[in-house]
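The structure appears right after this line, and notes come after that.
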Amino acid sequence: FTCPANVEVSANANCMGALPNLVALVQDADDNCDANVAVSQSMAVGTLINSDVLVTITATDDAGNSTTCDVLVKVIDDTDPVALCKDITVQLDITGSVFIGAGDVNNGSTDNCGLSSLSIDQTNFTCADLGANTVILTVTDDAGNTATCEATVTVEDNVDPILDCPAPVTLSADADCEAQVPDFSGALSANNCNNATITQSPLAGSTLGLGATTVTITATDGAGNTATCTVVVTVEDTTAPTFTCPANVEVSANANCMG
């Protein structure tokens, strides 16, 4: 008889393949004395296998003579994995960046025979990515089958600016016994995403009287994060008083020649 060719069977949900009816593939069993040669296979039809096996086909005549051959039955995983994604929210660090991995957006992807790898098309996010970003998760199984899904990565900036507060300031009162609040808009600051805007209260140029006044300086970045500090501005009177000195005066001496 002609031995059947090797056979491939698809793995089921449990990564098992069902042994096919190989006997049915033998169409030319013949014998010189027996018109009805019995053909059998060494493993029963429907037997579940999870790896490649050799199945022996045997042709036997009425006299007990037999001929055998082996057929390789291969279990093939031709089922794509199931890719499951989840949306996440991440925060930028002080350097203005954040890294994620495929596992961060994986929501329990599965495969009937086992997963080989997970990957995503973007792992690094910066200030340019603030807001919602779509990433693609690719799931690959042990047989090389793939599936993809999309996840939304929302990037947030929750890092406050760093504000370098100016030193206390002492001012001399003017002729009206007043002084003006200095402009602190040039206070040094640092921020992970672009420059922060500096504001102050009281405003620069506001009039101050004698004594100490606390000025609050605020740095605000584009995401609304803030940092504040205070500067004490002291107005002192450092001007001596002025007056008109009287003219010289003459007095008359008395009997004792005293005036």
Side-chain angles (χ1 to χ4, degrees), residues 1-88 90 99-125 129 132-154:
F1 66 97
T2 302
C3 195
N6 295 334
V7 177
E8 293 182 348
V9 294
S10 296
N12 63 13
N14 296 315
C15 201
M16 305 286 286
L19 202 68
N21 185 352
L22 300 178
V23 170
L25 301 178
V26 178
Q27 301 293 321
D28 60 351
D30 191 22
D31 184 72
N32 62 338
C33 296
D34 186 356
N36 297 306
V37 177
V39 181
S40 64
Q41 62 187 68
S42 59
M43 296 180 66
V45 174
T47 300
L48 294 178
I49 56 176
N50 59 7
S51 60
D52 301 348
V53 296
L54 280 175
V55 179
T56 301
I57 307 296
T58 303
T60 306
D61 64 15
D62 287 341
N65 303 306
S66 64
T67 303
T68 64
C69 75
D70 291 328
V71 177
L72 177 64
V73 179
K74 303 180 69 175
V75 179
I76 303 298
D77 175 15
D78 52 10
T79 302
D80 290 338
V82 177
L84 299 174
C85 284
K86 62 181 178 181
D87 300 335
I88 62 172
V90 295
F99 290 86
I100 65 170
D104 295 319
V105 297
N106 180 42
N107 196 30
S109 300
T110 61
D111 184 71
N112 60 333
C113 291
L115 294 176
S116 173
S117 65
L118 303 173
S119 63
I120 49 177
D121 62 341
Q122 183 177 356
T123 59
N124 181 32
F125 298 85
D129 301 306
N133 302 268
T134 299
V135 299
I136 299 174
L137 172 69
T138 300
V139 181
T140 305
D141 68 14
D142 293 335
N145 304 304
T146 62
T148 62
C149 60
E150 292 185 349
T152 298
V153 178
T154 302

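- Residue Ala151 comes nearest to Cys85 through the heavy atom pair CB-CB, 4.0 Å, listed as atom of the first residue, atom of the second, then distance.
- In this structure, Cys33 and Asp62 have side chains that are not in contact, with every pair of non-hydrogen atoms separated by 4.5 Å or more.
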Considering only distance and modelled atom types, tabulate donor-acceptor pairs under 3.5 Å from the side chains of residues 64-76, sequence neighbours left out.
| from | atom 1 | to | atom 2 | distance (Å) |
| --- | --- | --- | --- | --- |
| Asn65 | ND2 | Asp61 | OD2 | 3.1 |
| Asp70 | OD1 | Thr56 | OG1 | 2.7 |

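- Looking at every heavy atom in both residues, Val37 comes nearest to Asp31 through CG2-CB, 3.5 Å.
- Without hydrogens or angle criteria, Asp141 side chain to Ala143 main chain gives a donor-acceptor distance under 3.5 Å.
- In this structure, OG1 in Thr148 is found 6.5 Å from CD1 in Ile136, a value given to the nearest 0.5 Å.
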side-chain contact (heavy atoms from CB on, under 4.5 Å) between Thr79 and Asp77, worked out: CA-CA 6 Å; Thr79 302; Asp77 175 15; 3.8 Å; yes

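- Interatomic distance, CZ of Phe99 versus CG of Asn124, reported as 3.5 Å (0.5 Å rounding).
- Using a 4.5 Å heavy-atom cutoff, the side chains of Phe125 and Val153 are in contact.
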Just distance, no hydrogens or angles: give the donor-acceptor pairs under 3.5 Å from side chains in residues 101-114, sequence neighbours left out.
| from | atom 1 | to | atom 2 | distance (Å) |
| --- | --- | --- | --- | --- |
| Asp104 | OD2 | Gly101 | N | 2.7 |
| Asn106 | OD1 | Ser109 | N | 3.1 |
| Asn106 | OD1 | Ser109 | OG | 2.6 |
| Ser109 | OG | Leu84 | N | 2.9 |
| Ser109 | OG | Leu84 | O | 3.4 |
| Asp111 | OD2 | Cys113 | N | 2.9 |
| Asp111 | OD2 | Gly114 | N | 3.1 |
| Asn112 | ND2 | Asn12 | O | 3.0 |

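- The number of heavy-atom neighbours closer than 6.0 Å to CG of Asp78, taken from other residues, nucleotides and ligands shown, is above 12.
- The shortest distance between side-chain heavy atoms of Ile100 and Val90 falls below 4.5 Å.
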Verdict with reasoning, Asn50 to Cys15, per side-chain contact (heavy atoms from CB on, under 4.5 Å): CA-CA 6 Å; Asn50 59 7; Cys15 201; 5.9 Å; no

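- Here Asp80 contributes atom CG and Thr140 contributes atom OG1; the two are 10.0 Å apart, rounded to the nearest 0.5 Å.
- Summarising the geometry, atom CG belonging to Asp121 is positioned 9.0 Å from atom OG1 belonging to Thr134; distances are rounded to the nearest 0.5 Å.
- Inter-residue side-chain proximity for Val139 and Leu115 is flagged as met; some heavy-atom pair is nearer than 4.5 Å.
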Residue pair Ile57, Val26: steps toward the side-chain contact (heavy atoms from CB on, under 4.5 Å) verdict: CA-CA 9 Å; Ile57 307 296; Val26 178; 4.0 Å; yes

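- Nearest heavy-atom pair, Val45 versus Pro20, reported as atom, atom and distance to 0.1 Å: CG2-O, 4.0 Å.
- Residue Leu22 comes nearest to Gln41 through the heavy atom pair N-OE1, 2.8 Å, listed as atom of the first residue, atom of the second, then distance.
- Side-chain atoms of Ser119 and Thr138, non-hydrogen and from C-beta on, do get closer than 4.5 Å to each other.
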Candidate pair Leu25 and Val7, rule side-chain contact (heavy atoms from CB on, under 4.5 Å), full reasoning: CA-CA 11 Å; Leu25 301 178; Val7 177; 4.2 Å; yes

